[in-house]
Novice: 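For reference, the structure I am asking about is given below.
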Amino acid sequence: MKTVTIITSFIVAGILTAFFLGFNPVESTRTLEYDDEQEGLKEQMVIRFSHVAAENTPKGMAARYFAKRIQAKTDNEIQVEIYSNGELYQDQNEWEAVTNGNVEMIAPATTKVSTRFPDWQVLDLPYAFQGYSAVQEAYEGKIGQTLLEDLRGTNVKGLDFWYNGFKQFTNNKLPIHTPADMNKLHFRVMPGPVIKAQFQALNASTSELSFNKTYRNLEVGFVDGQENTISNIYSKKFYKKQAYMTLSNHAYLGYAVIINEDFWDSLSETHQHSLTEAMEETTDWVRRHSIEINDSHIRKIKRSSDMEVDVLTKQEEKKWREAFKPVYLKAEQDISKDLLKELERIQSNYSPQ
Ligand code: SIN
């Protein structure tokens with residue numbers, strides 16, 4: 001009897017040990033104890049954010065602002081590593097990098113997105129937006145919403161639009177006042193069907209070059225000029241290689257902020273919520289600060305260089321608007337009617353004086 005009792009006790013003890021150590025379903029999902037070295041690593045996620053602009057620009061500063069906001073909101077559970085100046089990927093390969101998950105976020109100029117999604121051309125149309133409020137209305141309204149939805153099914157999610165500024169022409173040969181001044185000049189351009197049509201309408205020749213190769217190509221004289229925002233002209237030192245700038249404000253350059261969709265889906269609802277909030281706060285920040293950043297850069301250019309800065313008169317601007325009409329005719333074939341109608345509606349609210 002004694003032997004039976006001892007054997008039974010062993011069996012019961014064995015079952016209880018197995019249950020608590022091996023088979024207890026609660027225990028199996030409980031986190032393992034870890035030492036100080038591992039503290040905080042378990043939940044930490046890293047967003048690699050690649051972009052081609054300099055750090056002291058609206059996009060560079062917005063990326064930093066976003067990093068700080070999301071880190072604060074998630075108690076450092078989400079970290080952002082920023083790779084600026086094309087340090088990781090250039091304009092040509094950042095789309096593949098984000099769709100393949102080699103980085104989690106990018107923020108290309110909307111023009112570059114238009115090479116894949118024709119409707120995005122609407123944002124590039126010359127004189128599409130008469131002032132900053134018109135741009136905001138497009139980004140925050142039906143146009144922005146439609147364009148972000150357009151990206152679905154490509155393993156990316158469009159998060160928002162970030163602001164930079166209106167584009168200006170620079171060149172090294174002559175002061176540009178009228179469309180006729182363009183026909184002897186060779187320009188560096190971003191890839192984009194509307195950009196191509198715009199320069200064709202002006203009879204100017206172009207080369208598509210990556211942003212970070214522009215300075216060198218201006219320096220060696222392969223191209224005579226380029227179009228860009230003042231903050232890009234200043235931060236990339238294009239003004240040091242250009243004798244003339246025309247404040248033409250002929251089109252707007254802003255950014256599509258894009259995240260890898262698998263990464264987005266892997267985030268908890270709480271983290272998605274924090275990221276969305278951080279993004280909204282950053283977009284608001286860059287909308288409010290992009291104008292002053294560009295303004296401060298034109299003051300710095302004027303102080304530190306003898307580049308001639310010309311402003312278009314109202315009469316001259318009319319000639320440019322006239323010259324750009326073929327660009328709209330061509331774009332009508334590519335851009336959906338709904339978006340063009342919405343653009344017209346916005347334009348009628350902000351018509352030129
Ligand atoms: C950028 O602002 O991201 C670059 C624009 C350009 O390629 O000109």
Side-chain angles (χ1 to χ4, degrees), residues 49-66 82-95 97-98 103 105-116 120-121 123-124 126 135 139 158-171 186-196 198-199 204 206-219 222-239 241-242 245-246 248-258 282-283 286-287 289-291 293-294 297-298:
F49 189 157
S50 170
H51 71 86
V52 299
E55 280 167 21
N56 56 341
T57 57
K59 179 161 64 177
M61 291 162 92
R64 281 213 304 278
Y65 190 90
F66 170 72
I82 301 169
Y83 299 93
S84 54
N85 289 303
E87 185 189 338
L88 266 192
Y89 294 101
Q90 297 298 329
D91 341 39
Q92 304 88 337
N93 48 20
E94 61 182 5
W95 181 268
V98 77
V103 292
M105 279 177 74
I106 61 169
T110 58
T111 309
K112 292 168 191 169
V113 183
S114 79
T115 58
R116 294 165 197 276
W120 283 66
Q121 292 175 42
L123 299 175
D124 271 328
V135 176
Y139 281 3
L159 292 173
D160 218 336
F161 291 91
W162 281 356
Y163 297 78
N164 184 342
F166 284 93
K167 288 187 287 184
Q168 325 296 347
F169 291 117
T170 66
N171 87 98
H186 185 56
F187 284 86
R188 174 270 168 177
V189 289
M190 290 188 269
V194 165
I195 307 296
K196 197 169 168 194
Q198 174 193 285
F199 281 92
T206 56
S207 288
E208 283 178 9
L209 299 169
S210 71
F211 183 52
N212 284 300
K213 291 217 167 106
T214 306
Y215 177 88
R216 180 77 185 127
N217 279 281
L218 292 171
E219 184 174 53
F222 175 68
V223 288
D224 303 310
Q226 59 86 49
E227 55 162 14
N228 230 306
T229 62
I230 290 166
S231 62
N232 279 345
I233 293 167
Y234 174 72
S235 61
K236 287 292 172 184
K237 303 195 170 28
F238 298 161
Y239 70 98
K241 300 294 159 198
Q242 301 279 267
M245 168 151 65
T246 299
S248 49
N249 292 318
H250 60 278
Y252 193 81
L253 192 160
Y255 304 106
V257 192
I258 288 168
T282 308
T283 300
V286 72
R287 182 183 56 74
H289 288 82
S290 54
I291 303 172
I293 297 169
N294 279 287
H297 287 171
I298 189 71

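Counting convention: from 1, in listed order, for ligands and their atoms alike.
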Novice: One pair per line, please: each N/O atom of ligand 1 matched with every protein N/O atom under 3.5 Å away, atom names first, then the distance to 0.1 Å.
Specialist:
unit_1: ligand 1; atom_1: 2 (O); unit_2: N232; atom_2: ND2; d: 2.9
unit_1: ligand 1; atom_1: 2 (O); unit_2: Y255; atom_2: OH; d: 2.5
unit_1: ligand 1; atom_1: 3 (O); unit_2: K59; atom_2: NZ; d: 2.7
unit_1: ligand 1; atom_1: 7 (O); unit_2: K112; atom_2: NZ; d: 2.8
unit_1: ligand 1; atom_1: 7 (O); unit_2: R188; atom_2: NH2; d: 3.0
unit_1: ligand 1; atom_1: 8 (O); unit_2: R188; atom_2: NH1; d: 2.7
unit_1: ligand 1; atom_1: 8 (O); unit_2: N228; atom_2: ND2; d: 2.9

Novice: Measuring only between side-chain heavy atoms, which start at C-beta, is T110 closer than 4.5 Å to Y255?
Specialist: no
Novice: Report yes if some heavy atom in the side chain of V194 is under 4.5 Å from a heavy atom in the side chain of S114; otherwise report no.
Specialist: no
Novice: Go through the structure and list residues passing ring pair (Phe, Tyr, Trp, His ring centres under 6.0 Å) with Y163, not counting sequence neighbours.
Specialist: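 Scan of Y163 (ring pair (Phe, Tyr, Trp, His ring centres under 6.0 Å), adjacent residues dropped) gives Y139.
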Novice: For a quick check under 3.5 Å, do K167 and N232 share a side-chain donor-acceptor pair by atom type?
Specialist: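 Per modelled atom types, K167 and N232 side chains form no pair under 3.5 Å.
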Novice: Quick one: sort the Y239 and Y234 rings into parallel, tilted or perpendicular, breaks at 30° and 60°.
Specialist: parallel
Novice: Just by distance, no angles: are the side chains of S231 and N294 close enough, under 3.5 Å, to form a donor-acceptor pair?
Specialist: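 S231 vs N294: donor-acceptor pair found between side chains.
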